[in-house]
Every structure is written in structure tokens, then in C-alpha cells.
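Scope of the values below: all heavy atoms of this structure, side chains included, with no hydrogens, waters or symmetry mates. In the text below, chain A, chain B and the rest are named by the order of the sequence lines, each starting its count at 1. Being a predicted model, the structure only gives us computed values, none of them experimental.
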Amino acid sequence: MSDLTRMTAAELAGTIAKGDASAEEVTRAHLDRIAAVDGKVHAFLHVDADGAINAARKVDAKRAAGDELGPLAGVPVAVKDVLTTRGVPTTAGSKILEGWRPPYDSTVVERLRDAGTVILGKTNMDEFAMGSSTEYSAYGPTNNPWDLGRIPGGSGGGSAAAIAAYEAPLAIGTDTGGSIRQPGAVTGTVGSKPTYGGTSRYGLIAFSSSLDTPGPCARTVLDAALLHEVMAGHDWRDSTSIPQAVPPVVEAARLGMTGDLTGVKLGVVTEFNGEGAEPGVLAAFHDALAALTKLGAEVVEVSAPHFQYALPAYYLIAPSECSSNLARFDGVRFGLRVGDDGNRSLEEVMSLTREAGFGPEVKRRIMLGTYALSSGYYDAYYGQAQKVRTLITQDFNAAFEQVDVLVSPTTPFVAFPFGSRTSDPYQMYLADLFTIPTNLYGGPGISVPCGLSEGLPVGFQIMAPTMADDRMYRVAAALESAVGTLTPPSLEG
Amino acid sequence: MTTTTLPTYDEAIAGFEPVIGLETHVELGTNTKMFCGCPTDFGGEPNTRVCPVCLGLPGSLPVANKAAIEATIRIGLALNCSIATWCRFARKNYFYPDMPKNFQISQYDEPLCVDGYLDVEVDGKTVRIGIERVHLEEDTGKTLHVGGATGRIHGATESLVDYNRAGIPLVEIVTKPVPGTGALAPEVARAYVTELREVIRGLGVSDVRMEEGSLRCDVNTSLNRPGDEWGTRTETKNVNSLRSVERAVRTEIIRQSAVLEGGGRIVQETRHFSEETGDTRPGRSKETATDYRYFPEPDLVPLAPDPAWVESLRLALPEPPRDRRKRIQESWGLSDLDMQSVVNAGAVELIEETVAAGATAAAARKWWLGELARRANEAGIDLASVGATPAQVAELQTLVDSGKLNDKLARVVIEGVVAGEGSPTEVMEARGLAVVSDTGALTAAVDEAIAANPDVAAKVRDGKVAAAGALVGAVMKTTKGQADAKTVRELILERLGAS
Ligand SMILES: [Zn+2]
């Protein structure tokens, strides 16, 4: 049954619907795979085998009763550990939440359950989604299945690696500055960040509220689109959720799979076409552009002059919001409590708890954000960053008057070796250079594999206007049809 | 601490001009909390009215309560404010265990309502209090440190937090600085809070009970020499009654005057008012930093009240309490002083409803401000909660007017009504309290009294009519007060041939 783990989500759903394999068999195959390889990959922080088997049996019972099954019924999914799961440990990769079992499901998880997908467990991530390598997980890094000595990207490295290692056909990530797309790029998988507000944040442990976006991770564009449709849609519990129908992403992916992009205009961002990116990454990117042109797409160059300010603006807005969002982790109501020995003041216990519970990158960003919001500095930092955000949005709007989608490499460099960027935060931050503008604008972006550089995957990023997520799925599926999917080296032996 | 002799209020105010300002928090009476669906009723076992949102659990998100927004806009309109066409919530960041998220969702530089006023009456003069802003925020929980030094875990056996109150919608109403009230400043402050309470009660959006904390007040006070710039202000918290509002301003004026006269400087600080001693003390700062790092709340979308909707709310506002009082005063024919006592007793609606139920205004006022006010005072409760309804009071007066009850009996009947024994008629019948109007029975009692007091009877026969009082008393005694004294007197005089 080991080939069940090699199937796409769409194939698995068909297999289960036809009765060629039960949902329980599919689930057990993936749990076996996790047992076999996760010691090497460390994609999971928690495997919920009992919960998964129970969910699979429910699908099998429904099928036996002749009930109609959803498009992903019985298909296993791994969930990034930043989304709450009722009764199942949820840590956000932090010591401060070790052992916390949320009393409620996030909306995304609730929709996954309602759709009959099978939640295998929770995946590793940089602490509170702050990082680009999973090296900032309090529970140790995830290893890239392409090269176990290299990073799987971050913050959602666990979700991307789980898919690349065939531990799950699908995974949920969250993208604040590139945390779905950059791991997708460096693991040779598909990572999609929907329009901000297109997927609910209810139950997503907040890093930066105005940027955080849950989205799908998969090995194919169609699988990502199928998961996108299941998880997306308006949610009254999230005030920033957009009360509109989900863009027709599955239909767009199927259209793209025909390999015809006649009449589609792709904009190459001048500012992202060269500087900062490794030559091998640029070469793969240009090969992909050539392939897309062959499919009928027209490629033009567009300027987005304010994109160069995106990284500094992001590193003011995101830390500012995180400094406030993470204030609730104080040891009073849940999670870790340190120093409550009956002799210390409340303030001392709060301080000691936060000192012990947060890792270095989280502390760095809390301090950065606290400073940026301080009276007297607010206008110069947070206020100014918001102005940059408006200008970047204007750049996107102007660009989308000329082209249907914008394209760039997803990340400037392929998976780097562990420890090579942890000593200099800025070198780490550069990983998100090309993904951050989309978050500031609020539009959708997807990373799809486009080839190898030095034997490691390169990601191709497609960015679309807000609530036009379908456009990027079409182009991504077309590219996939031209260059094919990537298969990592075997983890066995 | 050095003990200095404080000046009297008159001495204190003689050399200075005060400027006051008030910040009032009103808990709204919405069914659910500001950002979640938890109920808002007062009381309840600790931490039973909570959910992931009002506990600030990781991942939870707020959803604004439309009823609270509507109530805030109505308050703003009643205070003659402009209503924002676009505004946002903001996060006020500070660490405190009764704040589940360690930030409060409030409003900062973009409040819902701005720039209004409220006219109040003091000493026969109208004072216009400017309203700076009216905004909406969430309330905090309540912390209790058991068995130790204030605010510290040290020494305490337990620190307990109840989050039932956390997230209840709270409206903050901030006045502009009020200069120029001179020695009347304390009374102006009290009159403002009194009037504000009437306005909000009239809107039906809060029960505005200071003793339960659904209306809370902070009082700012500063002093300056005539002609000088305004002085440094202090903020007095923990002012929990109308009387305390007045006392807090008076106390601060006396204290500040003594400091300034002694060559000292006023420190800008938060002070706490003590109900027991009537003085103010520097407050223990809740947080060491005063920088709240406000920024727009990214979990909520901006509010953009539809101007047409706002206009419809404006048109549906109730008559302002001040206009209403004027109208009522005229129709009841009350003096300013009488009207003032009605207002102070919180009896305007009660009398109005009693009149509507058929009583005269004079009779209604007599019962509510007399017997019922006395009982409410004794029990330490609001007049409205005394246990008698306006309809019952009107019925009681009908029984008196028709001669079935006299004044003394009516008061006994009220006791029964308040005790929940039923309507006045039911109490009267059940307790057998009706006036004895059977002339036969009365005549027998009168004859008995004359026979028992031959000396008194003789005096009356000789024309000393005033002596009849003793006989009336004797009859009332045998009838246990259930006779009409006037009828008894007439009967006696008739029997003795003195009429
Ligand atoms: Zn709640």
C-alpha cells in the first residue's frame, strides 16, 4: 500500500470514492510513512494517530451509508501548529505554549473536519511563525527532505517538508511574509497564500494580524486549489474576513492544466529581476518564463518602485503587531508559568515566564515592535511603514492595470545549510525579499516549482490582484504542466 | 509625613480659580459583551460568563457588537456630539492580569463621537459642560489578592481573577476642561454626573448604578491664581457616588490650595478618593510605564456609521431630561425647590406614572417623597426598588379619597404592599384595616367613651368643645384606629348636644 503516499490528493479522493482503498487504509499508510521517516525529517510536533483513524473511519462509514462525500473526503492533511485544534496540543513552536490544549477549533480546522479530511497532526514551525528556516522552533528544526543538512524554509517548514517527504499529501500553512511560499520553493512543493481575508484567521495564533493568512500546501497546483476551496470563504468570527464567494481556483487550475495561456499577460517586476538572487535561481526563473511564453503568455516588464521599501516596512509593521499580540502570553491564564514561588510579585512572574518561554527571535521582534510603537517614535516608524504599505498597494494596482499577474522568483536563494544565516538576522530576513510585498498589499501569491539549481528546488512566484486568486492558479498549473513536478531523493536507507 | 492644618474650603477657594474635568465610564446594558457572545448580567459565579474571545485565548478574534455601537452613538447624539463617519478601534497596551490580552480594545485618536455639550443647572444658573469625546471600549476583569499586601503575590495565599466583567462594553465620556465655575466647581461636577446619569437612563442603554460600578467617574482638578495659566491637574479615581464626586473636587481644591500656598508644586498624578475619610491619596501606579503604545486594532475593520442611520437614531431620541423636567414641573405646578427634591429623590418617572394611573400630582408626590422615600432610605435602596408600583400608589390614594382609608391606615396598608402582600385593596381587606363607617358600631363606641369619662363629657356639654379630643382619642383606641377621626368628633358633639 506504500504507493498510496505517492498519490496526489485528487487521486486519493478518487481512490477512496471508488472504494479502491478505504480512508482508514490511506490514513494508516501515511501514519506508517510518518513513523518511518519523520525521525529524519522532524516535520511533525504532534501526530494525532487516534484522531486521524477516527476521522477516517467516519468517512468510510459515510461512504458505506451511501452519503455523498466532499472532494477531499478521507484525504490526510497536516496542520501547522499555529492553528488551534480542540483538545490537541497547539504550541506555535514555542515553549511558552508547551502542553496547551485549546478548548476550541480554528475555523480552518473546523472546515477541514466538516469536509471529511483527516488531520494527521501538527507540523513544526519557527516560533510564533517568526523565521524562514524552522531553526527558531523551540522544538528543534525540520530537515529538508532534499538535503537533510539544509533548512526546509520557514516559518512553515514542517508543513512543506511533510508534503515533500510524502508524509502527507496536503498541509495547511500560514503566510505572514512568505511562510507558505518560501518553504514551498525550497522543498519543491506548491505553496499558496490566498488573498488576505479570503481564509479565516479565527483560531490562528496571531503573529501579525494585518498580514497573517492561512493557505494550502500541496505537491500539485490542483491539490492546492482543492484544499484552498475547502478552507476558504467568509467567516463571521473574523471581522477582516471578506464577505464574498471564494474565487474559482479549482476551475482555474484545471484550465491551466490544459497548457494554454494565450492572451495572459505576465509582468516581470523590474526591481526583482536580478539583484539579490542567486544566478542558479535566476536561470531557472528565466527558463520558466520561456516555457510560459511557449504556452502563449505574453511577458512584459513592469516597475514597482516602492517594492524596495517592502522589507523595512514589513519589519516595522509585523513586529509592532506581534509585540501587542504576544502580550497575552504571561503565565496567568494558560501555558508556561515560571517563578511563582509565593515570594515574587505578579510582574516578576510575568517577566520570568516570558524570559524563559520566548526564544531569541521572538524577543528580538517584540523589542523591535515595542520600540516602533513607542510614543515619540510611532510616526517615524509604524506610521511611516503604513505609508509605505499604501504606496506598495498603489504599485500593485498600477501594475495590474497593465498585466494579469506579476511573476518573480519566490526566494532569492535555494535551501541553505543550517546555521548559515542565524548569526545575522538581516541575511535571514532576505529570504522573504520577494514574498513580502504581496503580504503588505493583501493580494494572493503562489509558489510553484520551476526547476533545480545545484540540485535543489527553485520556486516561481505568481502574484495576483486581491480576490483574483484564480488567475495565479491558472498560470501555476500551466507552468506545472510544462516543467513537471519535482521528486526529492529517497529518504530510505 | 508632616501634618499641616488644612484651610477651610472658603479659605482655599478664595485665592484660586479651579478648572475641573470629568471622565465617566458607563457599562452598557447590552445582552452580550462587546466582542463576543457572552452574557453581560451583573453577578454570576466567577469565570462562568467567558469564552475564548473574552479570555483572550491564543487565536481568538473580536467581533464588534452592533447594539453597543448604536448605544454609543445615541449617547453621543444626546450629548449634542458630531458622529464620526469613519473611525477605528485602537489597542491600548499595558500589562495587567485582569486584562486577558494585556491590551484593551479602545478608541484613541478616532473616537465615535466628538465635540458636544451638556447643560446643567446649578444654583439657578445654567452651566454648559463641553464634551470632548464619547468612545467605546471593553471592560476589564476583576483581580483579588487574598491575604497579602496589595497588588503583590507576596504574602497572598492566592491571586484570583474573575473575567465575567472582561469584555463588557464600556462607554467613556470625557468632558472638555470646565473653567470659570469658581466656588461652585464641586457642585457643578456633581450636577454634571447627575444630569449625565439622567440622560443615559432616559436612553435606556445602561442602568447607570454607581454602587454596582456600571457608572464610574474620574475627576480632574487643577487650581490657578486669577489671571494665570491653568495649573497642573490631578486625576482622582475611585469616586463611587454622586456625593463623592462633589467631595472629591472639594477635597482636592483644599489640598492643592494648601500645597500652593505653602510654596509647593502640584504633581500630575492619579489619586484615589477614600469614601471613609473623604480625602485623596496618591494612587499606586497600575503600570510603571505610561506609554500605552496605541495603534489601530488590526483585528477589526473600521466603523463607518451610515449617516442616514445616525439621523434616524437622532430623530428617535427621547425628550432630553431637562426639557422633560421643565414640562413636568409646569404641569404639576411645583416650585423649583419642590421639583429639585423630586429629581434628587429619583422620583420623576414614578410620580409621572402614578399620575398617569389616576392620582393627583400632589398626592403622588406626597407618597413617593414621604412614606416610600423614608422606607427606601431605611433599606438603603433606590426608590424605584422600594416594592410599590405607581399603579398601587394610585390605588391607595383612591381608597383614601373615597374615605375607606385614613392617612394612618394607608401607611399601614403600604407596609403590607411593600411586604408583597398584594394590592392596597387586598392588603386592606386581608388585614381588616378599612375605616369603620358603620354608624351603629361607632355610636356604641362613642356612648361607651362618654359613659367612661363623665367629667370630660360634662366639660363638653358646658361648651368646652376642645375637651372632646380626649373622647375622640378613647373612641379611636377602642376602634383600633379604624375610625375616621372627623366622623367620631362630629358624633360626640352631636351626642353631647354641643354641635
Ligand atoms: Zn466571551
With heavy-atom distances below 4.5 Å as the criterion, would you say the side chains of Y371(A) and R293(B) are in contact?
no

Would a 4.5 Å heavy-atom cut-off, applied to side chains only, mark Y202(A) and P52(B) as touching?
yes

So which part of P97(B) gets closer than 4.5 Å to some heavy atom of chain A, the side chain, the backbone, both or neither?
both

Counting only heavy atoms not in Y377(A) (residues, nucleotides, ligands), do more than 12 fall under 6.0 Å from its OH?
no

Under 4.5 Å to a heavy atom of chain B? For N325(A) that would be both

S375(A) and D291(B): side chain donor to acceptor below 3.5 Å:
no

Determine whether a donor-acceptor pair (N or O, by modelled atom type, separation under 3.5 Å) exists between the side chain of R328(A) and the backbone of G56(B).
yes

Heavy-atom nearest pair, M99(B) first then R333(A), reads O-NH1, 3.9 Å

If you count heavy-atom pairs within less than 4.5 Å of chain B, which of A206(A), G203(A), S320(A) leads?
G203(A)

When the 4.5 angstrom heavy-atom criterion is applied to T370(A) and chain B, the contacting part is both

Where on N93(B) is there a heavy atom nearer than 4.5 Å to chain A: the side chain, the backbone, both, or neither?
side chain

Can you name the side chain to side chain contact (heavy atoms under 4.5 Å, CB included) partners of R88(B), sequence neighbours left out?
W86(B), E110(B), P296(B), P302(B)

Is it the case that atom CG in N47(B) sees more than 12 heavy atoms from other parts of the structure closer than 6.0 Å?
yes

Can you see which heavy atom on T84(A) is nearest to which on P58(B), and at what distance?
CG2-O, 3.7 Å

Any side-chain heavy atom of E347(A) sitting closer than 4.5 Å to one from F95(B)?
no

Does atom NZ of K387(A) have more than 12 heavy-atom neighbours, drawn from other residues, nucleotides or ligands, at distances under 6.0 Å?
no

Look at the side chain of Y104(A) and the backbone N and O of S60(B), then say whether any donor-acceptor pair between them is shorter than 3.5 Å.
yes

Measuring from atom OG of S209(A) to atom CD of E297(B), what distance do you get when rounded to the nearest 0.5 angstrom?
6.5 Å

Do other residues, nucleotides or ligands put more than 12 heavy atoms under 6.0 Å from W309(B) CH2?
yes

Using side-chain heavy atoms (C-beta onward) and a distance below 4.5 Å, is S239(A) in contact with L61(B)?
no

So which atom in T240(A) and which in P298(B) form the shortest heavy-atom distance, rounded to 0.1 Å?
CG2-O, 3.6 Å

Exactly one candidate in D330(A), V332(A), L326(A) meets side chain to side chain contact (heavy atoms under 4.5 Å, CB included) with N102(B); the answer is D330(A)

Working to the nearest 0.5 angstrom, can you tell me the gap between S323(A) OG and F103(B) CZ?
10.0 Å

So, for Y382(A) and F295(B), is the gap between ring centers shorter than 6.0 Å?
yes

Quick one: does R237(A)'s side chain have a donor or acceptor within less than 3.5 Å of a partner on V63(B)'s backbone?
no

Given that the side chain runs from C-beta out, which part of Y163(B) has a heavy atom under 4.5 Å from chain A: side chain, backbone, both or neither?
side chain

Are any non-hydrogen side-chain atoms of R91(B) and L373(A) less than 4.5 angstrom apart?
no

